[in-house]
Amino acid sequence: MPELPEVETTRRGIAPHVTGRRIVAVTVRQPRLREPVPPELAREAVGQAVETVARRGKYLLLGLPGGTIIIHLGMSGSLRVLADPGPVADRHDHVDIAFSGGRLLRFHDPRRFGIVTWTTGEPLAHRLLARLGPEPLAAGFDGHHLYLAGRQRRVAVKSLLLDGTVVAGVGNIYASEALFRAGIHPARPAGRISLMRYRRLADALGAVLTEALAAGGTTLRDFVDGAGRPGYFALSLEAYDREGQPCPRCTTPIRRVTQAQRSTYYCPRCQRG
DNA sequence: ACTGGATCCTGACTGC
DNA sequence: TGCAGTCAGGATCCAG
């Protein structure tokens, strides 16, 4: 579900409510997520105050004096700030973190592809984060970086964008959208795209992520922010989830194809090369 | 070294 | 109404 704009929207939503607050309880109802929620999370985090709420790619990092809570929302995860005691937990509310001052951070994830874990080491060096590529909205990310990453590679450029070691935080929606904006065919081999066109792609990716962030992210089915509200960028999607509908530029019907078991949407006329 | 495919899990939706 | 099949914002592991 959530890609960079949705995770960042979540970060901005929860940060004011948890920063500076002390963790008074951690309740794990279902530890079996993509990897087990470690027992030491509850044991060690309780009693510490959250100093920072950061994001790296699609990971959220709650920084405490003695460690970091690392959270990934997977395909169907969400985090919400609730009053404590909040509404009765449903069967997919797997983890609650209760704070001083009467707030509750609740991790909800029907498909359980998400992660809630704990590290006492340098968080950016954690195995989940260590290999991530650059942040697409940070200075230093540009077309040249994509060009170098794509050189000598035969994978489709769409797959290159989904590779977190190439660029962090890009998922299925924004990969399709960026390729649409840049006029690049999603199946084009990564090694057969010019530097100039990679520059256009990097710019398109930055623009679409920034616009999606301003809209509070994309809600297709179940994404909600820290306050339980959906994002509105679905209204602005030009290709994703629009199979058969007219291309906003040339009216040719948008096509859906499967690449690496994921749907890709594109305009066969605007994205020929 | 790269690449595509299978896999984890549940829910929503479609067609019979 | 029920049931089977398909698909879904992710990421890792495995052969070939």
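Each chain gets a letter, A, B and so on, in the order the sequences are listed, and its residues count up from 1. Hydrogens, waters and symmetry mates play no part in the numbers below; they use all other heavy atoms, side chains included.
Between the side chain of A/Ser176 and the backbone N or O of A/Tyr265 there is at least one donor-acceptor pair closer than 3.5 Å. Checked by atom type and distance alone, the side chain of A/Arg197 pairs as donor or acceptor with a backbone atom of A/Gly183 at under 3.5 Å.
Partners of A/Arg249 according to the side-chain contact (heavy atoms from CB on, under 4.5 Å) rule, which considers only residues two or more places apart in sequence or in another chain, are A/Phe180, A/Arg181, A/Glu238, A/Cys247, A/Cys270. Among residues two or more places apart in sequence or in another chain, the salt bridge (charged side-chain N to carboxylate O under 4.0 Å, His left out) test is passed with A/Asp225 by A/Arg229. For A/Phe107, the ring-ring contact (aromatic ring centres under 6.0 Å, His included) criterion is met by no residue, not counting sequence neighbours.
Rounded to an integer number of Å, the gap from A/Leu33 CG to C/dT12 C1' is 16 Å. Here the C1' atom of nucleotide C/dG10 and the CD1 atom of A/Ile71 are 16 Å apart, to the nearest Å. Going from atom CZ of A/Phe223 over to atom P of C/dG10 covers 13 Å, rounded to whole Å. One can place CG of A/Asp109 at 10 Å from C1' of C/dG10, the figure rounded to the nearest angstrom. Here B/dG11 presents its C1' atom at 12 Å from CE of A/Met75, a figure rounded to the nearest Å. In this structure, A/Ile173 places its CD1 atom 7 Å from P of C/dG10, rounding to the nearest Å. Across the protein-nucleic acid pair, A/Leu162 atom CG and C/dG10 atom C1' stand 9 Å apart, rounded to whole Å. In this structure, A/Arg221 places its CZ atom 10 Å from P of B/dC13, rounding to the nearest Å.
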Protein-proximity profile, nucleotides 3-9 of chain B, B/S/- by nucleotide at the 4.0 Å heavy-atom cutoff, equals SSBB-BB

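Checked for salt-bridge contact, A/Lys58 and A/Glu3 miss the test: no charged N lies under 4.0 Å from a carboxylate O. Between A/Arg153 and A/Asp163 there is a salt bridge, with a side-chain nitrogen of the basic residue lying less than 4.0 Å from a carboxylate oxygen of the acidic one.
In this model, the phosphate group of B/dT10 is not approached by any side-chain N or O of A/His92 to a distance below 4.0 Å at OP1 or OP2.
If you take CZ on A/Arg21 and CD1 on A/Ile97, they are separated by 15.0 Å, rounding to the nearest 0.5 Å.
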Given Watson-Crick and G-U pairs under 3.5 Å, DNA chain B in dot-bracket ([ ] crossing, | other strand) is .|||||||.|||||||

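The listed nucleotides are C/dT12, C/dA8, B/dG11; the one nearest the side chain of A/Arg91 is B/dG11.
Using cut-offs of 30° and 60° on the angle between ring planes, the pair A/His72 and A/Tyr59 is perpendicular.
Residue-environment remark: CZ (A/Arg192) stays at or below the threshold of 12 foreign heavy atoms within 6.0 Å.
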(request) Could you please spell out the steps behind the side-chain contact (heavy atoms from CB on, under 4.5 Å) verdict for A/Tyr266 and A/Leu179? (result) CA-CA 8 Å; A/Tyr266 71 104; A/Leu179 288 164; over 6 Å; no

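Going from the P atom of C/dC3 to that of B/dC9 covers 23 Å, rounded to whole Å.
Looking at residues 141-150 of chain A, you'll see that no heavy atom sits under 4.0 Å from any atom of DNA chain C.
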